[in-house]
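These notes are about the structure you will find just below.
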Amino acid sequence: MHDVKSVRDDPEAFDRALARRGLSPVSPEILRIDLALRTAQTALQTAQSRRNEASRQIGAAKARKDEAAAAGLMAEVEALKGDMAGMAAEEAFQAQALRALLASLPNLPADDVPEGEDETGNVELRQHGDPSSAPAGRLNRPRDHVELGERLGGMDFEAASRMSGARFVVLKNGVARLERALGQFMLDLQTREHGYTEVSPPLLVKDEAVFGTGQLPKFKEDLFVAQSIDWEGVKQRVAEMGVAWVEANQAQITPLVEDLRRTIPEDDQFQAAVQAAIEVLVDRYAAFDTDRLQGLIDSGEFTERRWLIPTAEVSLTNLVREQIIGDDQLPLRLTALTHCFRSEAGASGRDTRGMIRQHQFQKVELVSITAPERSAEEHERMVTCAETVLQRLGLAYRTMLLCSGDMGFSARKTYDIEVWLPSQGVYREISSCSNCGDFQARRMDARCKTPGEKGSRFVHTLNGSGLAVGRTLVAVLENYQDESGRIAVPEALQPYMGGLTHLEA
RNA sequence: GGAGAGGUGGCUGAGUGGUCGAAAGCACCGCACUCGAAAUGCGGCGUGCCUUUACGGGUACCGUGGGUUCGAAUCCCACCCUCUCCGCCA
């Protein structure tokens, strides 16, 4: 979320920054709405001021029993109120429009982010490790993790798809344990050695939380949603609507009833016939109104909705939402091992084989909350914390600085870490560390202040994977395989595997 | 799920529908007294927005959203949250 004031102060700079993201200028539109909003605000406040003054005078007039003066003032306020309703509506409309527009725009790239339209513009900062020195480095044709996992009896995509569909997997035996070991290892590293605080956060969160980190409102198609419907409430509403319809259509119903009265004697049979007639009418009504009913359910009036987190960044960052934190408490360094859920709606056909792109995966997330002037150095520290995981696991990787066109919505600067995958012969993203500046803090209203001093500032938020467990599992399997399909367990993981040195069928 | 209580400034806590943004206390800041400190006294002490070169002025905010009223922290409605008791439950 952007500060209107910054746009007001330097519209050209704002548009220039957006252009780096490949967006056309928006500042004229912003300034137009901003002006309309402030005009409406000033008009409304002037009217409110007069109303408040008149009301006070009415009180004073009544106190001295001057009913004539009071009546005159009341008439004036009455007239004023008519205008005020329109002004208030205009103000609310413009405020909403401005907020919606500002909320839809991505963060502005930091000055040191390279220009570029897509991933080809990313800059490699450093490489670590030699792919050929891993056990798989000696093989002519390394197997991919799907083949390795299935041969080990540890990966079952078919069973997963029978119960859940595509992009799910069942892990078993040593592979399941390896996944657990990786998660524990990463979490221990980040908490014990890098000073992150372990958190076990909610995985289901409200709209506001997902808005705060920037996935809503623009990217809801990437998310899974969980909802519970109040069926009792729906039933009650249907009944109410039925009664209302019968009342509204009394003119049709009455002749029908009278017709029945004439043709059927007044006994039980008559009662039953009337009952049947009513049921027919209600059914007809219900058939007419299913669309409206569906609309009611869709409106959320009877549904309790929660989003499944696509990353623990959402839960961890929102820990500080609507809070004012003392500068002396910062930085906050938070980590969590959680499942993540992504619908991957825009990725059909991409990475369909294997565990690279799943609807559900585990990840150790790192989040830092810092004072504004501290976020840049914290960003460097964070990417180092993520790289350490790969170093300890003995996996080759390279660190990329993303260009302006390839960054995520909320980021002002992003480092990607890519791990070597021998089966594909390429580096694949395994971590992404972003400095979001105050972009998320504004959306969440998260501030910090120096104790004893006046005023508060928006905090800076950073997030990074440390690391994605699923993709790390893939990397370990593929890099540590030998010609027979055995997997050597990296030394760092052996304590988490009960001392096991190899996975084999 | 049922019954009850409650949500007011950093905290505690008052507030007959009319100069209430809100008493009082604590905390905090400044000043005085003091060699210094404590105690005491005096003064200050919320946030957002609009407006103003500035001093300042205005407006909104007492859980949230509606409503009644010339006027709402105060009355009405809905919702959210917290606490207590009962029931159910991993």
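These numbers come from a predicted model, not from an experiment. Every chain is numbered from 1, with letters handed out A, B, ... down the list of sequences.
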Which atom pairs, donor and acceptor, lie under 3.5 Å between side-chain atoms of residues 206-215 of chain A and protein residues at least two apart or in another chain?
{"unit_1": "A/Asp207", "atom_1": "OD1", "unit_2": "A/Trp307", "atom_2": "NE1", "d": "2.9"}
{"unit_1": "A/Asp207", "atom_1": "OD2", "unit_2": "A/Arg305", "atom_2": "NH2", "d": "2.6"}
{"unit_1": "A/Thr213", "atom_1": "OG1", "unit_2": "A/Ala209", "atom_2": "O", "d": "3.3"}
{"unit_1": "A/Thr213", "atom_1": "OG1", "unit_2": "A/Gln215", "atom_2": "OE1", "d": "2.6"}

Any salt bridge (Lys or Arg N to Asp or Glu O under 4.0 Å) involving residues 22-32 of chain A? Give me the pairs, sequence neighbours left out, ordered by first then second residue.
A/Glu29-A/Arg32
Rounded to whole Å, please give me the gap between CG in A/Asp34 and P in B/C49.
12 Å
Could you state the atom-to-atom distance from CD of A/Glu91 to P of B/G48 in whole Å?
17 Å
Nearest whole Å is fine: how far is B/G48 C1' from A/Asp445 CG?
10 Å
Can you check whether A/Phe439 and A/His2 have ring centres sitting under 6.0 Å from each other?
yes
Kindly write out the residues that satisfy salt bridge (Lys or Arg N to Asp or Glu O under 4.0 Å) with A/Arg306, not counting sequence neighbours, or none if the list is empty.
A/Glu304
Atom pair distance, as rounded to whole Å: CD in A/Glu208 and P in B/C79:
18 Å
Taking only the side-chain heavy atoms of A/Gln45 (C-beta and beyond), determine which of B/U59, B/A60, B/C70 contains the nearest atom.
B/U59
Tell me which pairs pass salt bridge (Lys or Arg N to Asp or Glu O under 4.0 Å) where either residue lies in residues 213-222 of chain A, with sequence neighbours left out.
none
Expressed as a whole number of angstroms, how long is the span from A/Asp207:CG to B/C80:P?
15 Å
Could you check whether A/Arg8 gets within reach of a base, just the sugar-phosphate, or nothing at all, counting any heavy atom under 4.0 Å?
sugar-phosphate
Considering only residues two or more places apart or on different chains, which pairs with a residue in residues 90-100 of chain A satisfy salt bridge (Lys or Arg N to Asp or Glu O under 4.0 Å)?
none
Taking A/Glu158's backbone N and O only, do any of them form a donor-acceptor pair with A/Asp156's side chain (distance below 3.5 Å, no angle check)?
yes
Paired runs of 3 or more consecutive Watson-Crick or G-U pairs involving RNA chain B, with both pairing distances under 3.5 Å, are B:1-7 with B:80-86, B:10-12 with B:24-26, B:28-32 with B:40-44, B:46-51 with B:56-61, B:63-67 with B:75-79
Report, one pair per line, the protein and nucleotides 18-23 of chain B atoms (nitrogen or oxygen only) whose separation is under 3.5 Å.
{"unit_1": "B/G18", "atom_1": "N2", "unit_2": "A/Ser55", "atom_2": "O", "d": "2.9"}

B/C50 P sits how many Å from A/Arg50 CZ, rounded?
25 Å
Could you give all pairs that pass the salt bridge (Lys or Arg N to Asp or Glu O under 4.0 Å) test and reach residues 190-199 of chain A, with sequence neighbours left out?
A/Asp188-A/Arg192, A/Glu193-A/Arg392
Rounded to the Å, how far apart are A/Asn52 CG and B/G57 C1'?
14 Å
For atom CE of A/Met87 and atom P of B/G58, their distance in whole Å
19 Å
Could you check whether A/Lys5 gets within reach of a base, just the sugar-phosphate, or nothing at all, counting any heavy atom under 4.0 Å?
sugar-phosphate
Expected list for residues 73-85 of chain A: side-chain donor-acceptor pairs under 3.5 angstrom, two or more places apart:
{"unit_1": "A/Glu76", "atom_1": "OE1", "unit_2": "A/Arg50", "atom_2": "NH2", "d": "2.8"}
{"unit_1": "A/Glu76", "atom_1": "OE2", "unit_2": "A/Arg50", "atom_2": "NE", "d": "2.7"}
{"unit_1": "A/Glu76", "atom_1": "OE2", "unit_2": "A/Arg50", "atom_2": "NH2", "d": "3.2"}

